[in-house]
**Student:** 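Mind looking over this structure? Questions follow.
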Amino acid sequence: MEAANSLVTPTRDVFVNIAPWMQAVFYAMILASLGVLSWQVWARARLWRQGQPGGSERDWRLWLRRLATYALSQKRVHRKSLGAALHVLLFSGFVVLTIGTTLLMIADNGPVNFHHGWYYLFYELTMDVFGVAVCVGCLLALYRRAFGRPASLGHKRRDWALLGVLLMLSLSGFAVEALRLHFTQVPGSIARWSVIGSAIDMTLLRDLDLGTTRAMHLGFWWVHAVLVAALFISIPVTRFMHVLTGPMNIATRPSRAMGALAPLKLEDVEKTGRVGVASLGDFNRQQLLSLDSCMECGRCEDACPAWASGKPLSPKAVVVNLRDAMGGKRNGQPLHGAVISPETLWACTMCQACVSECPVLIGHVDLISDLRRHLVGEGQITGSPAKAMSQVARQFNPYGRSPTDRLTWAEGLQVPTVESNPDFDYLFWVGCAASFDRRAQKAARATVQLLREAQVNFAVLGREEHCTGDPARRLGDEFLFQELAQGNVETLNTRKVEKIVSTCPHCVNTLKNEYSQFGGHYTVQHHSQLLTELVSTGRLRGGMKSNGTITLHDPCYLARANDEADAPRVVLRTAGGTISEMPRHGAKTFCCGAGGGRMWFEEPQTQRVSGLRAKEAMGTGARTLATACPFCLNMMSDGMASTAGGEQVRVVDIAEVLVESRAERPTVLPAL
Ligand code: SF4
Ligand code: SF4
């Protein structure tokens, strides 16, 4: 009868060969497993709810956009070769097979059975293709874990079981299909759309009689059904949990600019008496959810300069250890000391490499910053960084120099100040490093020369300029940061500043992305961006002198946190340089080691990030290393000096390169 039906219309009885009581048992089993799954997820959600309210986005349109970009298109997964390939296969297969099975259930139980005709044929083909995707993905994942598991990839014994269940689920699905095709004697013109099932039927089942295949079908059908239930139950207790929590984290994570930290509300501190995060309940709920979305892929650890330079910080371990403290094997342990050591927290350069690599958008830097705030609140910041911060508090710069020395960098340049030139267009925010660090001063002087030649109407604040507070905020001293930010915003607003340019990406980031939290709204540009604009409008030109081959070290807070990798390259090319790129460049740049307040830490030569980066730069063969940040300038100069052969490589700012190229042919400016 079934065979006769198939001759007429391409379709199938969903529960062919399954007695009604078996169908009832099946539905009961699936509902029970979904119940267990929901109960386990609810238990985790209760743990997330111990956190502080807030911290998440509630904008549905934003949620959908993010889900489309990061969950559906797997934007950040397309980065590693084998790992990416197998994840895309598993993800696409899982999604399509889940949708397909749901449609089948709807067609079978709904008012209209649409499971026939061309839809049916296309359905069968699609399910087979994506079933193969899951099989291949599982085999690749098993191979990778058995023979080429990267050190950073998390692994537990239950991963074998999970992959085994997935593989068996797909294979048993194909077996059920092949056996059904055989004993229902589906005609070839229809059966061939079930490509894998009909291939098995025609090869392995060819000589079996109908009764045997009918009995085998029943057996495999039950195996398949039990595996489906087992998969549901295993989701919350395996890394498969990220299938649920990953999209939730992607949708709800805060939408601050990458380089901006969340402000600490002083009224909250007064109310609770707590600064930063001392225990899990001090994180917000979204942060606790994010811990459960980690699938331990290790991408963050692979990108981390602290980890690469042998420091006791792995961003993956930070997330996993915090998660273990939330009902796992570290449950109940104190966060500070037992779960995360102070050395781990201080090792972070806040380069954002981990954040930009994470496929499920976990905010490692926010976690670390919140924990650092507690350490600072408890007076646990000591030594050179503590000294630098007390100098910021007393003299408004971490170098401990008198505010009256703020203009010594500009000696002989007659740089206009906001007093001598109150009608300026651009405020040149010099920054503490370029004001007081000898090496960085040269970059500021070169920038002034270029601004002058391009007839840019600018001024500096002079002694009215105070540290932006970037190092204080990244180190966790939020009170000091907020004091500085409020003071600077008041100065900038009093001076009616609208446009700011700075050679320091950290100052740019803070002024542009964080001062808005305190009422400061300005158009802020990095000097590479303004110089590029001046070049494109013909107000600035390159010179005759070729600058040869140059390699560019992209500052993290320019290329990664503020998405600007082109402008410094335009400046170098204008200067006649040929750029030889390092393997890690642009948004994938590797930190110099100074960020996150690390500039003010003493560290052994063997653990310096700058040494690793110097070797990478030397690998390009370039004799000039250009950068666009006063801290990178300083760190990379040290890194080169302490690396064999590095003394042959000059470390310069992009503005210096442009000035040098023009030494032999001053620009003729077009009229303004
Ligand atoms: S911000 Fe940079 S240094 Fe800090 S954990 Fe992430 S990758 Fe490592
Ligand atoms: S935090 Fe993100 S990048 Fe790091 S292991 Fe977890 S999922 Fe992967």
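Numbering of residues begins at 1 and proceeds along the displayed sequence. Because the structure is predicted, anything quoted here is derived from the model rather than measured. Ligands are counted one by one from 1 in listed order, and the atoms in each one are counted from 1 as well.
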**Student:** Mind checking side-chain hydrogen bond (donor to acceptor under 3.5 Å, both in side chains) for Glu581 and listing every partner two or more places apart, or none if nothing turns up?
**Tutor:**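 Checked Glu581 against side-chain hydrogen bond (donor to acceptor under 3.5 Å, both in side chains); matches are Arg569.
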**Student:** Between Glu602 and Lys387, does any side-chain N to carboxylate O distance fall below 4.0 Å?
**Tutor:**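 Not counted as a salt bridge, because no side-chain N and carboxylate O are separated by less than 4.0 Å.
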**Student:** Applying side-chain hydrogen bond (donor to acceptor under 3.5 Å, both in side chains), name anything that partners Arg274, two or more places apart in sequence or on another chain.
**Tutor:**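 Residues passing side-chain hydrogen bond (donor to acceptor under 3.5 Å, both in side chains) with Arg274: Asp282.
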**Student:** Below 4.0 angstrom from a heavy atom of Met295, which ligand 2 atoms are there? Numbered from 1 as shown, please.
**Tutor:**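 The list of qualifying atoms is 7 (S).
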**Student:** Quick one: pull up CG in Leu361 and CE in Met258 and give me the separation to the nearest 0.5 Å.
**Tutor:**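 Answer for the CG-CE pair, Leu361 versus Met258, is 9.0 Å.
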**Student:** Can I get a per-line list of side-chain donor-acceptor pairs under 3.5 Å for residues 82-92, giving both atom names and the distance, sequence neighbours left out?
**Tutor:**
unit_1: His87; atom_1: ND1; unit_2: Gln74; atom_2: OE1; d: 2.7
unit_1: Ser92; atom_1: OG; unit_2: Val88; atom_2: O; d: 2.7
unit_1: Ser92; atom_1: OG; unit_2: Leu89; atom_2: O; d: 3.2

**Student:** For atom 8 (Fe) of ligand 2, find the nearest protein heavy atom and state the residue, atom name and distance (0.1 Å precision).
**Tutor:**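 Of the protein heavy atoms, Cys297 SG, 2.3 Å lies nearest.
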**Student:** Please report the shortest heavy-atom distance between Arg239 and Lys156, naming the atom on each side.
**Tutor:**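 That closest heavy-atom pairing would be NH2-N, 3.9 Å.
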**Student:** Anything protein N, O or S sitting under 2.8 Å from atom 6 (Fe) of ligand 1: count it and give me the total.
**Tutor:**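 N, O or S atoms of the protein closer than 2.8 Å: 1.
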**Student:** Which ligand 2 atoms are under 4.0 Å away from a heavy-atom of Pro359?
**Tutor:**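 Ligand 2 atoms under the 4.0 Å threshold to Pro359: 3 (S).
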**Student:** Quick test of your reading of the model: are Asp159 and Arg145 salt-bridged, counting only N-O distances below 4.0 Å?
**Tutor:**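 Arg145 and Asp159: salt-bridged.
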**Student:** Which of the atoms of ligand 2 are close to Glu296, meaning less than 4.0 Å from one of its heavy atoms?
**Tutor:**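 Once the distances to Glu296 are compared, the set is 5 (S), 6 (Fe).
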**Student:** In terms of atom number and element, which parts of ligand 2 are under 4.0 angstrom from non-hydrogen atoms of Cys294?
**Tutor:**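 With Cys294 as reference, the close atoms of ligand 2 come out as 1 (S), 5 (S), 6 (Fe), 7 (S).
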**Student:** Looking only at protein heavy atoms, which one is nearest to atom 2 (Fe) of ligand 2, and how far off is it?
**Tutor:**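 For atom 2 (Fe) of ligand 2, the nearest protein heavy atom comes out as Cys358 SG, 2.3 Å.
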**Student:** Please find out if less than 6.0 Å separates the ring center of Trp429 from that of His526.
**Tutor:**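 Here the rings of His526 and Trp429 have centres that are no less than 6.0 Å from each other.
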**Student:** Does a side-chain heavy-atom distance below 4.5 Å link Ser255 with Leu62?
**Tutor:**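 Side chain of Ser255 against side chain of Leu62, heavy atoms only: contact under 4.5 Å found.
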**Student:** Quick one: does Lys316 get a heavy atom under 4.0 Å from ligand 2?
**Tutor:**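 For ligand 2, residue contact (heavy atoms, under 4.0 Å) with Lys316 is present.
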